Amino acid sequence: MELHNNIPMFILLVFMMMITSNGGAAANVPAIIVFGDSSVDAGNNNFIPTIARSNFQPYGRDFEGGVATGRFSNGRIPTDFISEAFGLKQFVPAYLDPKYNITDFATGVTFASAATGYDNATSDVLSVIPLWKQLEYYKEYQQKLITYVGETKAHEIISESLYIMSLGTNDFLENYYTMPGGRESEYTPQQYQNFLASIAGNFIRNLYATGARKISLGGLPPMGCLPLERTTNIVGGNDCVASYNNVALEFNDKLRNLAINLNKELPGIRLVFSNPYYILLVSINISGMLWDWNV
Ligand SMILES: *[C@@H]1O[C@H](CO)[C@@H](O)[C@H](O)[C@H]1NC(C)=O
Ligand SMILES: *[C@@H]1O[C@H](CO)[C@@H](O)[C@H](O)[C@H]1NC(C)=O
Ligand SMILES: *[C@@H]1O[C@H](CO)[C@@H](O)[C@H](O)[C@H]1NC(C)=O
């Protein structure tokens with residue numbers, strides 16, 4: 001709970017600053033469009049064959065109606081709060097959920113899939129939606145949007161919307177450090193970080209090419225302090241796993257540099273690196289309420 005209240009505040013601050021500093025006009029964000037993992041999946045995994053699901057109690061306990069929607073949370077997730085803060089819907093619906101259609105998605109949609117990562121090999125572990133496929137879904141969405149609101153309005157929505165990317169933890173915890181004979185035998189942690197950062201860069205270039213301009217690139221949380229990592233750190237007295245936290249810090253530096261470079265490379269882009277690291281470190285300590293952040 002605590003945790004989920006803190007991330008959006010942070011990301012929001014960054015965006016309010018970014019948007020208001022640019023001409024001082026009020027934020028115009030017609031839709032929130034989301035890519036990523038369980039931190040921002042609102043139920044897409046319920047509609048694909050995978051075990052990486054959260055459509056059962058106690059998930060959703062504090063959600064409207066107490067329903068387990070497929071969000072990995074007791075209530076709403078960060079992107080839901082961000083949507084509300086921009087005066088849009090109270091939650092961002094999952095693209096694959098047949099309860100919703102383009103009428104709903106025109107003001108917000110998530111393509112995220114719990115257990116996915118930048119690396120195709122990560123999404124393969126639990127057969128979830130890879131990042132490249134999320135972009136394919138987004139292109140399909142653009143076509144539906146054009147049919148629904150017309151070409152001119154659709155282009156306005158596409159260029160003014162806020163795009164949020166939140167993933168990367170699973171590449172390390174579910175894949176690199178977990179799958180025997182896999183990425184760890186091919187790459188050092190630093191090489192793997194570079195590999196992931198290059199995928200992130202190409203994804204952003206492709207997203208930009210479809211018309212997106214306001215993009216938030218999320219960094220990694222202190223992943224050595226996640227409940228599962230602490231529980232299994234028996235040798236270390238259930239303390240945070242320092243090496244995982246160091247990898248998160250190094251990778252965040254690479255994403256921050258990537259954002260600086262892409263802001264120079266791509267005219268008109270407003271890419272912000274959103275760093276949840278320090279905020280989460282505190283939140284996890286206070287709340288102890290975070291389930292399955294690393295799924
Ligand atoms: C979307 O669904 C609503 C009812 O849930 C329906 O009234 C509306 O016609 C649908 N819109 C489209 C574009 O299919
Ligand atoms: C991931 O898979 C897609 C589809 O097969 C492919 O186009 C893409 O190049 C792959 N990404 C990497 C980094 O290998
Ligand atoms: C986290 O909690 C532990 C014990 O509850 C405390 O010793 C430590 O100082 C706290 N750390 C932070 C950063 O708040």
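Predicted model, so just to flag it, every value in this text is computed and none were measured. The figures here come from the full heavy-atom set of this structure, side chains too, leaving out hydrogens, waters and symmetry mates. All ligand and atom numbering here is 1-based and tracks the order in the structure. Just so you know, residue 1 is the first one in the sequence shown, and it goes up from there.
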Any nitrogen or oxygen of Tyr148, main chain or side chain, under 3.5 Å from a nitrogen or oxygen of ligand 1? no
Between Glu136 and Lys133, is the closest basic N to carboxylate O distance under 4.0 Å? no
Is it true that Glu140 and Lys144 have a side-chain N and a carboxylate O under 4.0 angstrom from each other? yes
Quick one: pull up OG1 in Thr122 and CZ in Arg183 and give me the separation to the nearest 0.5 Å. 7.5 Å
Identify, chain by chain and in numerical order, each protein residue with a heavy atom under 4.0 Å from an atom of ligand 2. Asn120, Trp132, Ile199
Is the closest side-chain donor-acceptor distance between Asp41 and Ser113 under 3.5 Å? no
How are the rings of Tyr141 and Phe111 set relative to one another: parallel (under 30°), tilted (30 to 60°) or perpendicular (over 60°)? perpendicular
Please report the interatomic distance OG1(Thr69) to CG(Asn46), rounded to the nearest 0.5 Å. 7.5 Å
Roughly how far, to the nearest 0.5 Å, is OG of Ser274 from CG of Asn252? 10.5 Å
Could you tell me which atoms of ligand 1, counted from 1 in the order shown, lie closer than 4.0 angstrom to a heavy atom of Ile102? 13 (C)
